[in-house]
Q: 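Attaching a single structure in structure tokens format; questions to follow.
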Amino acid sequence: MKTTKSFIVALVLLACSPLHAAALTPDQQALHVLNRLGYGPRPGDVERVTQMGVQRYIDAQLHPESIPLPQDLTARLAANETANRSAGDALGEYNELRKEVRDEEEGAKQRRRAALAKATRETAEARLLSAIDSPRQLEEVMVDFWFNHFNVFVGKGIDRALIASYERDAIRPYALGSFRDLLGATAKHPAMLFYLDNVVSTSNEFGAEQAKKGAKGPRGLNENYARELMELHTLGVDGGYTQKDVTELARMLTGWTFQPQRLVRFNETFRFDSKRHDQGVKTWLGRTVEPGGQREGEMALDVLAVHPATARHVSYQLAQYFVSDAPPSALVERMAKTWIETRGDIRSVLRTLFASDEFMAPQAVGAKFKTPYQFVVSAVRASGVPVKNVQPLLGTMSQLGMPLYGCQTPDGYKNTQDAWLNPDALTRRITFATALGSGRIALSAPPPDLQQMQAMSASAALPARAVAQGEQAPPMGTVAPAQNPPMVTNTVSAQAMAAAAASQPPLDASRLLSTLDGGISQRTLDTLSHNPPELRAAMVLGSPDFMQH
């Protein structure tokens with residue numbers, strides 16, 4: 001098998017180019033939209049989309065509310081405590097778990113660590129189950145796209161408790177709606193306010209007064225959020241603004257904050273504190289901004305959301321995600337034009353993209369290399385294996401360098417080939433493909449119960465002192481390679497997972513090829529025919545064809 005892995009790695013490195021040169025057949029078009037508007041086909045999807053028509057499928061995906069969710073998925077999401085907990089309740093529980101940890105007996109410490117691990121798993125479970133099982137695939141893709149666009153790192157202090165609310169309340173409801181609404185929701189969510197430090201940004205005068213009083217807390221202007229708001233979220237690094245504009249925008253946003261105590265007691269996720277606000281006149285992007293309290297920041301978001309530079313910057317990123325790493329400039333300009341005409345209506349911009357010749361061009365098929373997240377989710381969807389336990393998937397994504405919610409920098413994870421295509425990463429992907437293809441990943445086993453989590457928590461979680469002091473926690477699903485076997489996360493018993501996996505049958509290669517109808521090249525099929533049947537499913541999932549989309 002080691003020789004086979006090396007062969008596939010070489011194939012992938014040599015073969016990352018579009019798969020089709022001729023006009024696409026209806027089946028190929030169906031597979032293309034399943035790969036780009038979602039995370040690839042499940043068994044029977046290509047035939048279903050071909051029968052209903054590609055355009056009808058695209059229209060339905062642009063209106064996810066018209067697509068009913070499976071009852072099983074709805075029930076599992078409804079039963080997920082963490083995913084449905086308010087930001088205030090989540091922070092309250094997190095604060096309680098951190099209190100006086102070092103003074104407790106070891107059993108209590110383990111129970112607390114197990115509770116944190118459970119919340120971590122349930123947050124990730126809600127995202128992954130939706131990505132794998134939801135027929136509203138474009139919605140799931142856009143949730144991931146926008147989360148990376150407005151990235152927040154789960155390992156920074158209290159954001160560990162706020163991530164679930166951030167994705168549910170600030171990202172998901174606006175994923176296909178108004179960009180201005182999305183921009184405002186992220187700007188005012190406590191996870192973003194904390195992550196980029198606007199929660200502590202005040203006028204310099206207020207900071208000086210606090211220093212004189214010897215009071216703890218904010219000490220003046222913080223430009224972190226204002227800088228990323230323009231550089232990453234809206235205008236782009238070449239958007240025509242200056243450092244002075246960053247400073248002035250930061251002044252306009254002073255007082256945009258939240259109080260943890262009020263968040264816990266009343267679920268008050270945002271408040272404008274006029275005492276912290278810089279009351280002076282500002283000059284921003286060539287315009288004079290008179291003192292107006294919170295209205296100054298709201299006006300700034302209004303301007304940024306429909307600015308031509310924002311239209312081009314975000315349209316480029318969308319085209320890069322859905323078409324190619326270097327998208328055609330003519331397509332980007334058409335999308336930006338739609339953006340301006342609709343004042344940032346995301347659905348309309350996507351409709352322009354999906355209706356373009358560039359999107360459905362033969363050279364666009366297979367032009368993108370899957371991120372680790374796309375690779376893992378698409379492999380599980382193609383396998384048809386029911387997922388009860390997401391822990392092995394979280395461990396895999398961590399090993400592949402893309403822990404869920406684990407990007408520390410505000411620019412989020414990249415979706416380009418250069419970021420993810422290298423021999424070591426390919427070897428790890430093939431290891432996962434081999435384990436999934438041979439039935440050695442315990443996806444169908446129930447997730448760990450509290451007793452199992454307590455038994456593993458002492459070595460898996462942060463030291464008690466670190467938890468008590470609120471130090472950064474490791475990203476979700478982080479694996480310690482020297483201590484844990486591949487595909488096993490550090491909160492699950494390896495023995496229990498191995499026993500569960502033993503009862504999971506290997507994947508049927510013929511069924512897998514049928515699911516991926518039209519997506520596997522003749523070269524790969526020829527390679528499969530010269531290998532034993534029991535290796536073929538793994539070779540399909542580890543092939544260059546499957547790693548591209």
Side-chain angles (χ1 to χ4, degrees), residues 39 64-65 67-70 72-94 115-116 118-196 199 233 258 260 263-264 266-270 346-347 373 377 387 390 393-394 403-407 412-413 475-477:
Y39 295 109
E65 69 281 358
I67 306 173
L69 292 175
D72 288 349
L73 176 60
T74 301
R76 291 189 67 179
L77 294 177
N80 188 315
E81 294 180 9
T82 302
N84 294 295
R85 189 174 294 142
S86 70
D89 287 346
L91 181 60
E93 181 184 56
Y94 178 78
L116 284 173
K118 176 176 179 288
T120 295
R121 175 179 59 78
E122 288 184 346
T123 300
E125 184 177 84
R127 162 76 87 87
L128 284 173
L129 290 180
S130 296
I132 293 168
D133 291 335
S134 174
R136 301 173 180 178
Q137 281 286 282
L138 179 59
E139 180 179 59
E140 298 309 315
V141 165
M142 294 309 297
V143 166
D144 181 59
F145 176 88
W146 290 124
F147 193 100
N148 277 302
H149 188 84
F150 297 102
N151 185 56
V152 167
F153 174 48
V154 71
K156 182 174 179 178
I158 63 172
D159 273 347
R160 190 175 188 87
L162 298 175
I163 284 288
S165 167
Y166 180 65
E167 181 168 289
R168 182 192 67 227
D169 301 330
I171 301 288
R172 185 173 290 276
Y174 312 102
L176 289 164
S178 162
F179 183 76
R180 172 60 179 87
D181 291 345
L182 174 62
L183 192 63
T186 57
K188 293 178 180 178
H189 196 280
M192 179 64 77
L193 290 167
F194 183 82
Y195 175 58
L196 289 179
V199 66
H233 300 170
F258 72 96
L263 174 56
V264 171
F266 309 113
N267 198 39
E268 182 185 88
T269 56
F270 172 82
I346 298 166
R347 182 179 287 106
Y373 181 79
V377 173
V387 178
V390 301
L393 306 181
L394 295 175
L404 190 58
Y405 308 121
C407 184
Y413 289 122
M476 293 184 178

Q: If we ignore hydrogens and angles and just use 3.5 Å, is the side chain of D133 paired with the main-chain N or O of P70 as donor and acceptor?
A: no
Q: Within a strict 4.5 Å, meaning less than it, do heavy atoms of the V154 and T123 side chains meet?
A: no
Q: Does any N or O in the side chain of D169 come within less than 3.5 Å of the main-chain N or O of S86, such that one atom is a donor and the other an acceptor?
A: no
Q: Could you please spell out the steps behind the side-chain contact (heavy atoms from CB on, under 4.5 Å) verdict for V152 and L162?
A: CA-CA 10 Å; V152 167; L162 298 175; over 6 Å; no
Q: Where the side chain of D159 meets the backbone of G155, is there a donor-acceptor pair that is under 3.5 Å apart?
A: no
Q: For the residue pair N267 and D89, establish whether any side-chain heavy-atom pair is separated by less than 4.5 Å.
A: no
Q: Determine whether I346 and S178 make a side-chain contact, defined as any pair of heavy atoms from C-beta on separated by less than 4.5 Å.
A: no
Q: Between atom CG of L91 and atom OG1 of T269, what is the distance when rounded to the nearest 0.5 Å?
A: 12.0 Å
Q: Does any non-hydrogen side-chain atom of R127 lie less than 4.5 Å from one of V143?
A: yes
Q: Checking the side chain of Y413 only, and the main-chain atoms of C407 only, is there a donor and an acceptor separated by less than 3.5 Å?
A: yes
Q: So which atom in S165 and which in A87 form the shortest heavy-atom distance, rounded to 0.1 Å?
A: OG-CB, 3.4 Å
Q: Classify the angle between the aromatic ring planes of W146 and H149 as parallel (below 30°), tilted (30 to 60°) or perpendicular (above 60°).
A: perpendicular
Q: Any side-chain heavy atom of L393 sitting closer than 4.5 Å to one from I132?
A: yes
Q: If you round to the nearest 0.5 Å, how far is CZ of F153 from CZ of R160?
A: 9.0 Å
Q: Closest heavy-atom contact between S130 and L77?
A: OG-CD1, 3.7 Å
Q: Are the aromatic rings of Y405 and F147 close, with centres under 6.0 Å apart?
A: yes
Q: Distance-only, no hydrogens or angles: does the S134 side chain make a donor-acceptor pair with backbone N or O of A131 under 3.5 Å?
A: no
Q: Can you tell me how far CG of N151 sits from OG1 of T186, rounded to the nearest 0.5 angstrom?
A: 11.5 Å
Q: In Å and rounded to the nearest 0.5 Å, what is the OH to CG distance from Y174 to L183?
A: 12.0 Å
Q: Are the side chain of E139 and the backbone N or O of P64 linked by a donor-acceptor pair below 3.5 Å?
A: no
Q: Could you tell me whether E140 and R136 have a side-chain N and a carboxylate O separated by less than 4.0 Å?
A: no
Q: Under the criterion side-chain contact (heavy atoms from CB on, under 4.5 Å), I'd like the reasoning laid out for Y39 against D144: C-alpha separation, chi angles, the key distance, then a yes or no.
A: CA-CA 11 Å; Y39 295 109; D144 181 59; 3.4 Å; yes
Q: When you compare the side chain of M192 with that of H233, does any pair of heavy atoms fall below 4.5 Å?
A: yes
Q: Kindly indicate whether the side chain of L128, heavy atoms from C-beta on, has any atom under 4.5 Å from the side chain of L394.
A: yes
Q: To the nearest 0.5 Å, what is the distance between NE2 (H189) and CZ (R168)?
A: 7.5 Å
Q: CG of L176 to CZ of R347: how many Å apart, nearest 0.5 Å?
A: 5.5 Å
Q: Do L138 and M142 have side chains that get closer than 4.5 Å, going by heavy atoms?
A: yes
